[in-house]
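Worksheet for the structure shown next.
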Amino acid sequence: MNDTFLRACKGERTDYTPVWIMRQAGRYLPEYRKVRADMDFLTLCKTPEKAAEVTIQPVNILSVDAAILFSDILIPAEKMGLKLRFLENKGPKFGNPVRTINDVKKLRVIVPDEDVPYVLETIKILRRELKVPLIGFAGAPYTLATYMIEGGSSKNFLTTKKLMYAEPKIYMSLMEKVTETTIAYLSAQVRAGVQAVQLFDSWAGALSPTDYKTYAFPSAERVVKALKQTGVPVIYFVNDCAGIVDLASGAGSDVMGVCWRIDLKKAISAIKGRTSIQGNMDPCLLYSPKSLIVKEAAKILKKGTAARGHIFNLGHGILPDTPVDNVKFLVDTVHAWKQ
Ligand code: CP3
């Protein structure tokens, strides 16, 4: 087993900087598109043999140092009671978003063994087949709640913020249920065999630092602390993190995942040695000439040596039409890099 990724999570010395790519299983890979041609996205997530197959694709094609379970952060919300659809190229939609206290009361905290057996089965298949560590994941409670309140993706998160500001009790009771669900969901993933977990706080950066502290951080911290007790490394990824990375890195995670809008050196000094770091290349750089990819990767790798441990990654998910050859080139470049 290649444990370089797990060692870097814990801040142990490694022979090289491990790398994986957020959203590494996906549409930029022709092999993924071939599997997807036969079934819609949610069916793929719920068919363990196929979900396992697409999880393994990038490990074989790119030689990354970790696999991430193929699923989606919105699946637990569906099981809490929301009607989920993925419209082709339009993103996710919930038919009955959460706006009132009655909407919150109708939601249930999921029981993973009964509600998401296919996720746990996918993990079991993967553990038999993989030679690199398997990362499980969930949305951070705030990020998941934005989808549940907005009913889909959003630009300004106005409906979420209106609820937060005008009806804090409703917002907080929703967060309570989402947090309990997330803890149950990730704990079940660990019992099924994942060797690390990542909490995606993709939209936390839309909040002011004060609002992040009040409305998002406490629930993320609760999830991190609960998962720490399982013994697997916990990665807390916060997109658009420049204004809140100092706060976010106090959640108690083993690794802080950062986007590209912050200089890695600044992020590392804000973290003050509390966690390892993961990131932080702009996904758009993968469309640039190889000479620039090498140059930018080297800058990040060099800065990363100041951290407790560094896991190379993009600052957010890979884009759907990224040239595969450049992604392979990036992974090889990271692996070959020496200080
Ligand atoms: O390879 C991996 O990283 C594992 C699989 C994974 C998916 N979604 C598959 C997916 C992971 C870790 C996620 C997390 C996720 N899902 C997040 C957090 C990460 C982030 O990017 O911020 C969020 C916000 C979602 C919600 C979501 N799922 C949206 C907004 C969309 C539509 C946008 C898009 O890219 O199409 C999805 C769909 C989705 N999730 C796809 C994949 C591969 C595309 C589905 C397809 O095949 O058409």
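Both ligands and their constituent atoms are indexed starting at 1 by order of listing. Note that this is a predicted model, so its numbers are computed, not measured.
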Please output the side-chain donor-acceptor pairs of residues 204-211 that fall under 3.5 Å, not counting sequence neighbours, one pair per line with the distance.
{"unit_1": "Ser208", "atom_1": "OG", "unit_2": "Asp211", "atom_2": "N", "d": "3.1"}
{"unit_1": "Asp211", "atom_1": "OD2", "unit_2": "Tyr165", "atom_2": "OH", "d": "2.5"}

Pairs where residues 82-91 contributes a residue and the test salt bridge (Lys or Arg N to Asp or Glu O under 4.0 Å) is met, not counting sequence neighbours: Arg36-Glu88
message: Taking the basic N atoms (NZ, or NE/NH1/NH2) and the acidic carboxylate oxygens, is any pair closer than 4.0 Å for Lys46 and Glu78?
response: yes
- request: Taking the six-membered ring for Trp and the full ring for Phe, Tyr or His, determine whether the centres of Phe5 and Phe312 are under 6.0 Å apart.
  value: no
- prompt: What does the list of residues with a heavy atom under 4.0 Å from ligand 1 look like, ordered by chain and number?
  reply: Arg23, Gln24, Ala25, Arg27, Tyr32, Arg36, Phe41, Ile68, Leu69, Phe70, Ser71, Asp72, Ile73, Phe86, Gly91, Pro92, Phe137, Tyr147, Ser153, Phe200, Ser202, His316
- prompt: Under 6.0 Å from the CZ atom of Arg261, do we count more than 12 heavy atoms belonging to anything else shown?
  reply: yes
message: Checking Glu121 now: which residues fulfil salt bridge (Lys or Arg N to Asp or Glu O under 4.0 Å) with it, not counting sequence neighbours?
response: none
